[in-house]
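Below: the structure, in structure tokens.
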Amino acid sequence: MRRNHLSPPRTAVVLAAAFAILTSGFARAGAAPITLALEENSIGAADLSPTPTATPTPDAQGYMPPAPSATPSSTPTEGPVFMEPTAIPTATADSVPLDVGAITPTLRVSDNPLDSEIAAEGSPARAASLRITEQARQNLIAGHPDAAIRTLGRAVGIDPGNPYAYFYLGRAYVAKNDSAQALSFFKRAEIGFGSGNPTWLAETLAFEGLTYEQSGRINAAAASYQQAIAADPGNLMARVGFTRVAPDITPTGPIAPESAPTDNAITAPPDSAVPPPPPPAAAPPPPPPGESAPSYG
């Protein structure tokens with residue numbers, strides 16, 4: 001049987017002839033010849049490749065970094081381990097006033113490097129212990145309390161009397177939500193600083209107040225804040241902390257009267273040398289109706 005299909009060479013010839021006839025017809029009619037554009041609009045390889053973007057990674061505390069801005073800061077700043085307490089406005093008259101016009105407010109000195117303490121230390125052992133304590137402080141600022149605890153163990157091993165090491169151990173355990181251990185180390189730091197270092201004593205007492213407050217012991221927190229203010233009246237952390245907890249203090253003594261009595265209402269006590277006169281004798285009761293009064297004599 002004969003096939004009606006055209007072979008590939010003949011198909012190409014037929015298509016070429018038909019195209020020639022078609023273009024010649026348009027030429028005779030005065031029309032512009034048809035030009036077939038068979039070129040590809042290719043896309044460059046640079047346009048096809050995706051633009052690489054940096055994938056943000058969380059930091060040591062699990063927070064994502066902020067989006068980059070057009071003018072990023074050239075100097076990165078380190079955040080404190082704890083957020084600064086925020087004062088709650090109250091109407092109580094027992095709150096410590098926040099107006100410190102006559103005094104100089106003291107920010108948290110424990111967030112600053114210990115360079116001045118190291119430079120002023122005359123004991124080589126204490127200076128070496130302080131340098132290791134400074135390393136632990138940096139671990140705390142970076143959010144690594146476990147590393148800080150291990151480092152502070154070395155500092156205490158070199159100088160068991162270093163109060164700064166015990167203070168930062170307290171802060172490390174505050175970061176781990178272990179209030180019992182934190183208070184234990186804060187107490188040892190409090191003894192170590194004593195009255196000879198009021199700035200760091202107030203810092204220790206203020207963190208004691210914060211630890212008590214976080215564990216719900218409001219009265220103890222208020223007492224620690226008051227002791228910190230007594231040691232350093234400019235300690236801003238203690239002043240703000242006491243203002244915050246003052247409305248929730250539970251009275252432990254007898255409640256005072258609402259208003260004091262006036263001077264006219266106060267009577268003088270009787271003179272003990274002169275006995276008071278006896279009260280006057282009462283008159284006999286009247287007789288009942290229908291009865292005559294008894295006669296005497």
Would Tyr212 and Tyr225 count as a close aromatic pair, with their ring centres under 6.0 Å?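 No, too far apart.
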Between [atom1] of [X] and [atom2] of [Y], what distance do you get to the nearest 0.5 Å?
X	Y	atom1	atom2	value
Leu140	Leu152	CG	CG	7.0 Å
Ile149	His144	CD1	NE2	13.5 Å
Gln214	Asn177	CD	CG	7.5 Å
Ile218	Asp248	CD1	CG	6.0 Å
Ile118	Arg131	CD1	CZ	6.5 Å
Asp232	Leu201	CG	CG	9.0 Å

Could you check whether any side-chain heavy atom of Arg171 comes within less than 4.5 Å of a side-chain heavy atom of Asp111, counting everything from C-beta outward?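 SC-SC contact between Arg171 and Asp111 confirmed.
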Heavy-atom distance under 4.5 Å between the side chains of Arg137 and Ser110, does that happen here?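 Side-chain contact under 4.5 Å: no.
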Of the non-hydrogen atoms in Ser195 and Pro198, which two are nearest, and what is the gap between them?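 Minimum heavy-atom contact is O-CD, 3.9 Å.
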What is the minimum heavy-atom distance between Ala175 and Pro145, and which atoms define it?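 For Ala175 versus Pro145, the nearest heavy atoms are CB-CB, 4.1 Å.
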Under the criterion side-chain contact (heavy atoms from CB on, under 4.5 Å), I'd like the reasoning laid out for Asn235 against Leu205: C-alpha separation, chi angles, the key distance, then a yes or no. CA-CA 10 Å; Asn235 189 292; Leu205 290 167; over 6 Å; no
For Tyr168, give me all partners under ring-ring contact (aromatic ring centres under 6.0 Å, His included), at least two apart in sequence or on another chain.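 Counting only residues at least two positions away or on another chain, Tyr168 forms no ring-ring contact (aromatic ring centres under 6.0 Å, His included).
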Distance-only check: which donor-acceptor pairs under 3.5 Å involve side-chain atoms of residues 158-165, not counting sequence neighbours?
unit_1 : atom_1 : unit_2 : atom_2 : d
Asp159 : OD1    : Gly161 : N      : 3.1
Asp159 : OD2    : Arg126 : NE     : 2.1
Asp159 : OD2    : Arg126 : NH2    : 3.2
Asn162 : OD1    : Tyr164 : N      : 3.1
Asn162 : ND2    : Ser129 : OG     : 2.8
Asn162 : ND2    : Thr133 : OG1    : 3.2
Tyr164 : OH     : Asn197 : ND2    : 3.3

Could you work out, with side chain to side chain donor-acceptor pair (under 3.5 Å) as the rule, every residue matching Glu190, not counting sequence neighbours?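 With neighbours one apart ignored, the set is empty.
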Side-chain donor or acceptor of Glu213 paired with backbone N/O of Ala221 under 3.5 Å: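 No, the answer is negative, given that no donor and acceptor are paired below the 3.5 Å cut-off.
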Are Ile132 and Leu169 joined in one hydrophobic group, where the rule is that I, L, V, M, F, W and Y side chains link up if heavy atoms are under 4.5 Å apart?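 No.
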same_hphob_cluster(Phe167, Ile191) at 4.5 Å side-chain heavy-atom cutoff: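 Each belongs to a different hydrophobic cluster.
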Would you give me the side-chain donor-acceptor pairs under 3.5 Å for residues 179-189, sequence neighbours excluded?
unit_1 : atom_1 : unit_2 : atom_2 : d
Lys187 : NZ     : Glu208 : OE1    : 3.1
Arg188 : NH2    : Tyr166 : OH     : 3.2

Side chain to side chain donor-acceptor pair (under 3.5 Å) contacts touching residues 145-157 (sequence neighbours left out):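 Of all non-adjacent pairs touching residues 145-157, those that pass side chain to side chain donor-acceptor pair (under 3.5 Å) are Asn139-Thr151, Asp146-Lys176.
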List the residues meeting salt bridge (charged side-chain N to carboxylate O under 4.0 Å, His left out) with Glu203, not counting sequence neighbours, and say none if there are none.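 Expected list: none.
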What's the verdict on side-chain contact (heavy atoms from CB on, under 4.5 Å) for Arg244 and Val240, showing C-alpha distance, side-chain angles and the deciding distance? CA-CA 6 Å; Arg244 183 174 55 250; Val240 174; 4.0 Å; yes
